[in-house]
Amino acid sequence: MPELPEVETTRRGIEPHIRGRKIRQLLVRDHRLRWPVDAGIPQSVSGQSVISVSRRAKYLLLELDQGWLMLHLGMSGSLRILPSGTPPETHDHVDVLFDSNQILRFRDPRRFGSLFYMTTLDHPLLSKLGPEPLSDDFSVDYLMRRARQVRRNIKTFLMDADIVVGVGNIYANEALFYAGIRPLTEAGKVRRARMARLVAAVKMVLAKAIDAGGTSLRDFLREDGKPGYFRHELQVYGREGEACFACEGPLTSLRISNRATVYCRRCQR
DNA sequence: ATCGGGACCTGCTTGC
DNA sequence: TGCAAGCAGGTCCCGA
């Protein structure tokens, strides 16, 4: 799936096409997503216009006249803007047809994604989320305070959406490399100066990935069907055994909480 | 209360 | 070439 940069890339891609447009019809071909898609959604949103498209964590929020469509891309989801009449392919589970005769089409092979309609933003999935990583709320002070309260490694800590949202496996590996911190270091033992480097690294790597249109490994495509280009910027993710770009030593790999972890023994302490 | 692991799915790559 | 195992960008939920 898309991590935060991919979701933000998608948001920026679709907004100009659907903002101000009226929903003519919403079609659910397969309701079996992470949570079953409510059968009442098509009726609820028909005739409503899109006021704005925003993002909270990795959720896309389509603000309508009287509510919100909330969409998560899961691990393999993507959104495309297509001319109406474009035949659906396998795994194209949801279409939103607009009065512009364009379709917003949701594809998700693994069906880990989700779609909700709600009339307030007071939703349990949004209620306990940590700060946005690119906001000022995600600061050294904040992260030091949270780290003191836990006993777990820094990588798992960083990927916990209660702590900070939007940092998935790729960018956690990348940020720890830039910060020079070993992934298994206990979060509570990271000194302030290094935590400051980590906060800066998270912001930098996410911002650069957004600028590049996200990272495309296999599934992710932008709304226009093109890939993102951040893959070429990756320092450690997917490079186990290869030479570190900084010191040329071989990159080490291990699994932390069952997620592929790659780091440089020499550059990360 | 915190934490790790399992579970949810399909498709692609790898190794026998 | 064929088949099975392993792995993939997320994250909720359960039991320890």
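Order of the sequence lines fixes the chain letters, A, B, ..., with proteins taken first and strands second; residue numbering starts at 1 for each chain. Hydrogens, waters and symmetry mates play no part in the numbers below; they use all other heavy atoms, side chains included.
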In whole Å, what separates the [atom1] atom of [N] from that of [M]?
N      : M       : atom1 : answer
dG5(B) : dC7(C)  : P     : 15 Å
dG6(C) : dG6(B)  : P     : 14 Å
dC9(B) : dC14(C) : P     : 16 Å

Taking only N/O atoms, report every protein-nucleotides 12-16 of chain C pair under 3.5 Å with atom names and distance.
| residue | atom | partner | partner atom | Å |
| --- | --- | --- | --- | --- |
| dC12(C) | OP1 | Tyr59(A) | OH | 3.4 |
| dC12(C) | O4' | Arg34(A) | NH2 | 2.6 |

Return the value, rounded to whole Å, for the distance between atom [atom1] of [X] and atom [atom2] of [N].
X         : N       : atom1 : atom2 : answer
Lys128(A) : dA1(B)  : NZ    : P     : 12 Å
Phe112(A) : dG9(C)  : CZ    : C1'   : 11 Å
Leu158(A) : dG10(C) : CG    : C1'   : 15 Å
Asp108(A) : dT11(C) : CG    : P     : 13 Å
Asp92(A)  : dG11(B) : CG    : P     : 12 Å
Leu4(A)   : dG10(C) : CG    : P     : 11 Å
Leu33(A)  : dT10(B) : CG    : P     : 12 Å
Met75(A)  : dC12(B) : CE    : P     : 15 Å

Self-check item: Which nucleotide in dG9(C), dA8(C), dT11(C) has an atom nearest any side-chain atom of His72(A)
Solution: dT11(C)
Exercise. Output the single nucleotide from dG10(C), dT10(B), dA8(C) whose closest atom is nearest the side chain of Arg255(A).
Key: dA8(C)
Self-check item: NZ or CZ of Arg239(A) within 45° of Phe245(A) ring axis and under 6.0 Å
Solution: yes
Is the shortest side-chain N to carboxylate O distance from [X] to [Y] below 4.0 Å?
X         : Y         : result
Arg105(A) : Asp95(A)  : yes
Lys58(A)  : Glu3(A)   : no
Arg152(A) : Asp160(A) : yes

Quiz prompt | Note, Val262(A) side chain near Thr252(A) side chain (heavy atom, < 4.5 Å) | solution = no
Quiz item: Going by heavy atoms in the side chains, are Met118(A) and Leu126(A) under 4.5 Å from each other?
Solution: yes
OP1 or OP2 of [N] under 4.0 Å from side-chain N/O of [X]:
X         : N       : value
Asn258(A) : dG5(B)  : no
His91(A)  : dG11(B) : yes
Arg259(A) : dT11(C) : no
Tyr237(A) : dG9(C)  : yes

Quiz item: What pair of heavy atoms forms the shortest contact from Glu6(A) to Thr215(A), and how long is it?
Solution: OE2-N, 2.7 Å
Quiz prompt | Exercise: identify the closest heavy-atom pair between Val45(A) and Ile23(A) | solution = O-CB, 3.8 Å
Practice problem: Could you check whether the rings of Tyr229(A) and His232(A) sit parallel, tilted or perpendicular, using 30° and 60° as the cut-offs? | Solution: parallel
Practice problem: Check the angle between the aromatic planes of Trp35(A) and Phe116(A) and answer parallel, tilted or perpendicular using the 30° and 60° thresholds. | Solution: tilted
Practice problem: Say whether Ser52(A) and Glu63(A), considering side chains only, have a donor N or O and an acceptor N or O under 3.5 Å apart. | Solution: yes
Self-check item: Any donor-acceptor N or O pair under 3.5 Å, side chains Arg146(A), Tyr142(A)
Solution: yes
Quiz item: Between the base of dC9(B) and the side chain of Arg111(A), is there a donor-acceptor distance below 3.5 Å?
Solution: no
Quiz item: Got a minute to check which stems DNA chain B is part of, using Watson-Crick or G-U wobble pairs under 3.5 Å, three or more consecutive?
Solution: B:2-8 with C:10-16, B:10-16 with C:2-8
Nucleotide N/O to protein N/O under 3.5 Å, stretch nucleotides 3-5 of chain C:
none

Please list each protein N or O that sits under 3.5 Å from an N or O in nucleotides 2-4 of chain B, with the distance.
| residue | atom | partner | partner atom | Å |
| --- | --- | --- | --- | --- |
| dC3(B) | OP1 | Arg151(A) | N | 2.8 |
| dC3(B) | OP1 | Arg151(A) | O | 3.4 |

Quiz item: Contact class for Arg107(A) vs. all strands (heavy atom < 4.0 Å): base, sugar-phosphate, or nothing?
Solution: nothing
Quiz item: For the side chain of Tyr117(A) and the backbone of Asp38(A), is there at least one donor-acceptor N/O pair under 3.5 Å apart?
Solution: no
Quiz prompt | Counterpart residues, side chain to side chain contact (heavy atoms under 4.5 Å, CB included), relative to Thr9(A) (two or more places apart) | solution = Phe220(A), Arg222(A)
Practice problem: Not counting sequence neighbours, list each pair that qualifies as a side chain to side chain donor-acceptor pair (under 3.5 Å) and has a residue in residues 179-190 of chain A. | Solution: none
